[in-house]
Amino acid sequence: LDHDRATQKLVSCDPYVQDGWAYVVRVEDKTAEDFAADVAAESARVRSTRNRLLAESDWTQVLDAPVDRAAWANYRQALRDVTLQAGFPSNVTWPSKPE
């Protein structure tokens, strides 16, 4: 069924036939709870990505790492601050890794 995933959802229902097709779902508008769940899921996805990027760069903060530790520390702080961006969670600008 055609629907706008941003504002509508598919809901299970008793089977029915429409325009020669059999369906077991119908389209409904999302509720406030649905929108809240969408935001929570997107927030969790962004935090998971952020946490993975932080974990991947942990090694840059050891004393003998052959990198610009200050640049990497700034990058890692920018990752931590992703949740403070005005567009979070749907419009996040990810920081660039230092060279």
Side-chain angles (χ1 to χ4, degrees):
L1 292 171
D2 288 334
H3 69 287
D4 178 0
R5 289 181 180 210
T7 61
Q8 298 174 318
K9 62 183 177 179
L10 297 177
V11 178
S12 296
C13 65
D14 291 332
Y16 67 96
V17 176
Q18 180 180 333
D19 299 326
W21 291 91
Y23 296 95
V24 294
V25 293
R26 67 177 182 277
V27 176
E28 287 185 1
D29 289 335
K30 287 186 176 181
T31 64
E33 292 81 15
D34 294 324
F35 287 114
D38 289 349
V39 170
E42 184 65 9
S43 296
R45 187 191 65 76
V46 170
R47 283 186 173 95
S48 177
T49 299
R50 185 262 326 258
N51 293 346
R52 178 182 53 79
L53 292 171
L54 281 168
E56 288 174 358
S57 64
D58 281 349
W59 68 273
T60 65
Q61 298 306 292
V62 298
L63 293 177
D64 60 349
V67 297
D68 180 345
R69 286 185 52 225
W72 279 93
N74 289 336
Y75 165 73
R76 289 167 55 81
Q77 186 60 54
L79 287 174
R80 289 185 198 93
D81 292 343
V82 159
T83 59
L84 304 177
Q85 293 181 13
F88 177 81
S90 59
N91 188 17
V92 170
T93 302
W94 293 98
S96 298
K97 286 182 184 178
E99 297 278 331

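In this chain, numbering begins with 1 at the start of the sequence shown.
Using a 4.5 Å heavy-atom threshold, the side chains of T49 and W94 count as touching. The side-chain heavy atoms of R50 and V92, taken from C-beta on, include no pair separated by under 4.5 Å. Here the side chains of Q85 and D81 are not in contact, with every heavy-atom distance at 4.5 Å or above. With a 4.5 Å cut-off on side-chain heavy atoms, D68 and E99 do not count as touching. Within the 4.5 Å cutoff, no side-chain heavy atoms of T83 are placed close to those of S43.
Placement of L54 and V62 in two distinct hydrophobic clusters is found when ILVMFWY residues are connected by side-chain heavy-atom separations under 4.5 Å, directly or transitively. In the hydrophobic clustering of this structure, L10 groups with W21; members are Ile, Leu, Val, Met, Phe, Trp, Tyr whose side-chain heavy atoms approach within less than 4.5 Å, directly or through other members. L79 and W59 fall within the same hydrophobic cluster, defined by Ile, Leu, Val, Met, Phe, Trp and Tyr side-chain heavy atoms under 4.5 Å apart, directly or through other members. With hydrophobic clusters built from ILVMFWY side chains whose heavy atoms lie under 4.5 angstrom apart, V25 does not share a cluster with V17.
Atoms CZ and CG, on R69 and D64 in that order, are 9.5 Å from each other to the nearest 0.5 Å. T31 OG1 to K9 NZ: the interatomic distance, rounded to the nearest 0.5 Å, is 5.0 Å. The structure places CG of N51 at 11.0 Å from CD of E56, a figure rounded to the nearest 0.5 Å. One distance of note links NE2 of H3 with CZ of R26; it measures 13.5 Å at 0.5 Å rounding.
Qualifying ring pair (Phe, Tyr, Trp, His ring centres under 6.0 Å) partners for F88, counting only residues two or more places apart in sequence or in other chains: none. For N74, there are no side-chain contact (heavy atoms from CB on, under 4.5 Å) partners at least two apart in sequence or on another chain.
Surrounding CG of D4 are more than 12 heavy atoms belonging to other residues, nucleotides or ligands, all under 6.0 Å away.
Scanning all heavy atoms of the two residues, the minimum distance from V46 to V82 falls at CG1-CG1, 3.8 Å. Considering every non-hydrogen atom in both Y23 and Q18, the closest pair reads CE1-O, 3.7 Å. Residues W72 and S57 approach most closely at CZ3-CB, 3.7 Å, considering heavy atoms.
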